[in-house]
Every structure is written in C-alpha cells, then in structure tokens.
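Worksheet: one structure, shown below.
Quick caveat, the model's predicted, so the values are computed rather than measured. Letters go in sequence order (proteins before strands), and every chain restarts at 1.
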Amino acid sequence: MCGLLPRVLQLRSSFKMATALRFPANVSTFNNYNDLHPDWTQREVSTGTTIMAVEFDGGVVIGADSRTTTGAYIANRVTDKLTPIHERIFCCRSGSAADTQAIADAVTYQLGFHSIELDEAPLVQTAASLFRDMCYRYREELMAGIIVAGWDRRRGGQVYTVPVGGMMTRQPVSVGGSGSSYIYGYVDSNYRTGMSKEECLKFTAEALTLAMERDGSSGGVVRLAVISEQGVERQAILGNQLPKFSTV
Amino acid sequence: MALSCVLEPALSGFNFDNSTRNIVLENGSEEGKIKAPKPMKTGTTIAGLVYKDGVVLGADTRATSDEVVADKKCAKIHYIAPNIYCCGAGTAADTEKTTDMLSSNLTIFSMNSGRNPRVIMAVNILQDMLFRYRGMIGAHLILGGVDCTGSHLYTVGPYGSMDKVPYLGMGSGKLPAMGILEDRFKANMDLEEAKALVSDAIHAGIMSDLGSGNNIDLCVITKEGWTISDLTESPL
C-alpha cells in the first residue's frame, strides 16, 4: 500500500547503516544528519489524546483535552477535538489529525445530505454508522478512534464508540485516545447510572484531568460540551482551574 | 489515419513505475550502491499572527540544499489571492507548486462566481489535495488573510491536517520563533507591535537555526489591501 512504502524503505536503509559504519576514534560525530533534521519534522501530526463521553437522562456530556503533537513537539496546545457533525451530534476525535479531520468532513457532508433528503433531524445511530462504514472500509489506510455522541428525539442522549479498526458499539460511558488507558479504573469505579448533568460534567472533568496528569500526549485545557434537546452548551476549563488531586 | 508517432497523455496521479528500480539501485552491492538525490528543502523559519486590523506574515529568505545555501533571497511568502498570502516550509518545489495551483483555482473561482475568495476556502482546497496525496507532498503551510468574515490564520500540514490559530511558527526554526511568540503575543495588538513581534520571531529562528538566515520578509494584510516589505538588515 503506497503510503507505507517510503517508511518501510527508510527503516531498511537505516538498519544497514547501523551495521556497516565503524567510526575511527578521532572522527567527530557532531554533524550528524539527525542533528540538523530533528525527528519531529518528519512525523505525522497525531492527536495523542484523551476523549470521553457520558450519557445522562436528557442528553450527553462530551469532553476532550486540547493537545496535538508532532513527535515530541506540541503543534497546537489549544486544539478543539469536539467537532460538530450536525446540530445535536458531535464527534470526539483521536488518532491522526489529518485522517480524523477528513473523515469528520466527509461524514458531515453525508449526514447533512441525508438530513435534507429526509427533511428531519438525523439519528445519532445514523451518524455513528456512517463513521463506522468509513473507518472499517479504509481501516488499512486510516488511524482514527472516534466517539460519536448526541441527542435525538427517538432515543435521547446516546454515545457510540468507533475505535481503530471500525467496530461500532453503544456504551453509556466511553473513553478513548492514548490517555484513556490511565482512567479505565477511575471510570469503572466512579460511574453510576442515573447521574445528573452536573454530576456528569464533574465526572468527565475529573477523569480527563487525571488522564492529562499521567499521559504525556494529553494536556492543555479541558473542553466540555453538553448536548440535549435545548441545544449545545460548550465550556473550557483552563489549566489553573482544573480540579486538583493529591500531588504524589 | 495512423500517426507515425503517438504521444500518450500522462495518466493522472503519481507514477510508481520506477520504485522497484530505485529499490534495486539503493540496495545494490557495496560498490554499486547509488544514493537517491535529495529534494531541496527550504530549512526555514516562517511565522504569522493575527493583530487588530488584519494579519502579519513573516519569513526568512534562505533556501538550503544540505549544507549549502542554494538561494539567499528566496521568496517564501506566496501570493494566493489579493487578500490571502501563504508562507511555505518543507520541500521547496512542493510549496511552490501547491500554492501556485491553489492561486489558479481561487482566481478561476473568483471569475466564475464574482466573489472574493475566503481564507477557509483556500484551507479546504489545500486539505483535500494534501490528504489525497497522503503526505507525499512535503508542504507545511501557514495561510493568512482577511475576508468578509474577518482576519484568519490557519496552518495546513503535509498529511492534510489543519489548525486555526491566532499565532504560529513553522519550519526548522519554529522552536525559537514560537518561544518569542508565546512570550509576547497579546490579542488585538496594533500594527507596529505586531510587525516588531513577527520580525523578532523570525530573527530568533535565524539566530538559532542553521537552515534559516539572510533577510526577513514581512507581509501585512488588512481589509484595504496588502504590503510586502523587506527588512534590509542582514543579521548574518
């Protein structure tokens, strides 16, 4: 597959260099190729993220951190990973920035067209299926982990997760991205059914903060959004206002 | 009627016919190994920021080919539309051609629709094209412009990712440039402050990065129009 070919070639030639070169003791190693061209200039932009979504009675709460990295460099420290797909349907993006932006744009178009044809607001399940179709069909080429969340009249607030590979499943609470590994325990022990909107907001903010503390690829501000019948309310919790935990 | 010589029109997209030949050449026997020619990279510092009345873009003017300076007065701020300019870092040929194609597309659009192009439209066209080529086009671009919706600054990466930002530095000298920008940027600066900040950011890149140097180009875009100025100080 064409996109992978150049990287495979690079790996093979560098392996050959490592075995063949022998530096005499008096040759300086100061002007290496690698010094002039640091690693992050060649890496793809990745969202290396923590994203989360929780259902409550009447809507959903979604949240994400705001860091985009290129290798070890933070390309954008105020990214918005909560992307609107339709009036009351959002997606949380994790994985490759380019891939997820392209997929979100394509699904926004498809869902908009579908909604106009139907002359009705689209269902969250439809949006999630569109994401799943694209992520599964092009699974070899794409690196995208997406959480689709929103409100519709038929089933209220719903959260669907479409991880890398293109599976789709509905979950009452879902976490994703590189930082999610650090908060599965917290989420499993603290989630209860029947939480109110404010409790869900607090739960999401705390979980994201904990993940941002431990994951190098997550950080910045916590972006939150509440989607319900009334519409969408967005907020951002800045670095110094994040909930504090014990500093061990 | 049969023609004695027939020119086959080029198929669209990339042609990978020579890739097997290249692999054989590069991995040949120890004496017969041939290194592929490296494309010229601009080894650059570029920066942009949004100020009270518009956008200021800045760039250095050095183009390098490995360790040699290939061009001392290379223009890295490219014209896209009368109200949109683009700074390019990465492979020189890719940024040149990409911005040329974008500019042509937007001119045709302007003529067809009778509208001035918007910055977000330029961004969308770039994203589509760079994503389609899956990172093979090494263009790291900062797009800035003023349109009927306001002043905007966007960055587009070679894989097709896009970010909307109030200020940004790109290129091999982006770390020192970002240091200066992070320290002194404020929202709604006035023109003199904004120009001083961008030129200081590029200056920091020139001082701290081997691949950037020579002069500083500045481009100021406002609702009324644009001005390109050359800072004739030559730091190195």
Checklist outcome for this item: Turns out that what part of A/Asp105 lies under 4.5 Å from chain B's heavy atoms comes down to side chain

Next on the checklist: Taking A/Arg234 first and then A/Asp80, would you say they form a salt bridge - that is, a charged N and a carboxylate O separated by under 4.0 Å?
Outcome noted: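 Salt bridge flag = yes for A/Asp80 with A/Arg234.
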
Next on the checklist: Any carboxylate oxygen within less than 4.0 angstrom of a Lys/Arg side-chain nitrogen, looking at B/Lys76 and B/Asp217?
Outcome noted: no

Checklist entry - Where on B/Met170 is there a heavy atom nearer than 4.5 Å to chain A: the side chain, the backbone, both, or neither? => result neither

Item to check | Heavy-atom contact with chain A under 4.5 Å, split by part of B/Leu168 | outcome: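 The side chain, not the backbone.
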
Checklist entry - In Å, rounded to the nearest 0.5 Å, how long is the span from NZ of B/Lys164 to OG1 of A/Thr79? => result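 The distance works out to 14.0 Å.
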
Checklist entry - Which distance, rounded to the nearest 0.5 Å, do you find between the NZ of A/Lys81 and the CZ of A/Arg67? => result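 If we round to the nearest 0.5 Å, A/Lys81:NZ and A/Arg67:CZ are 9.0 Å apart.
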
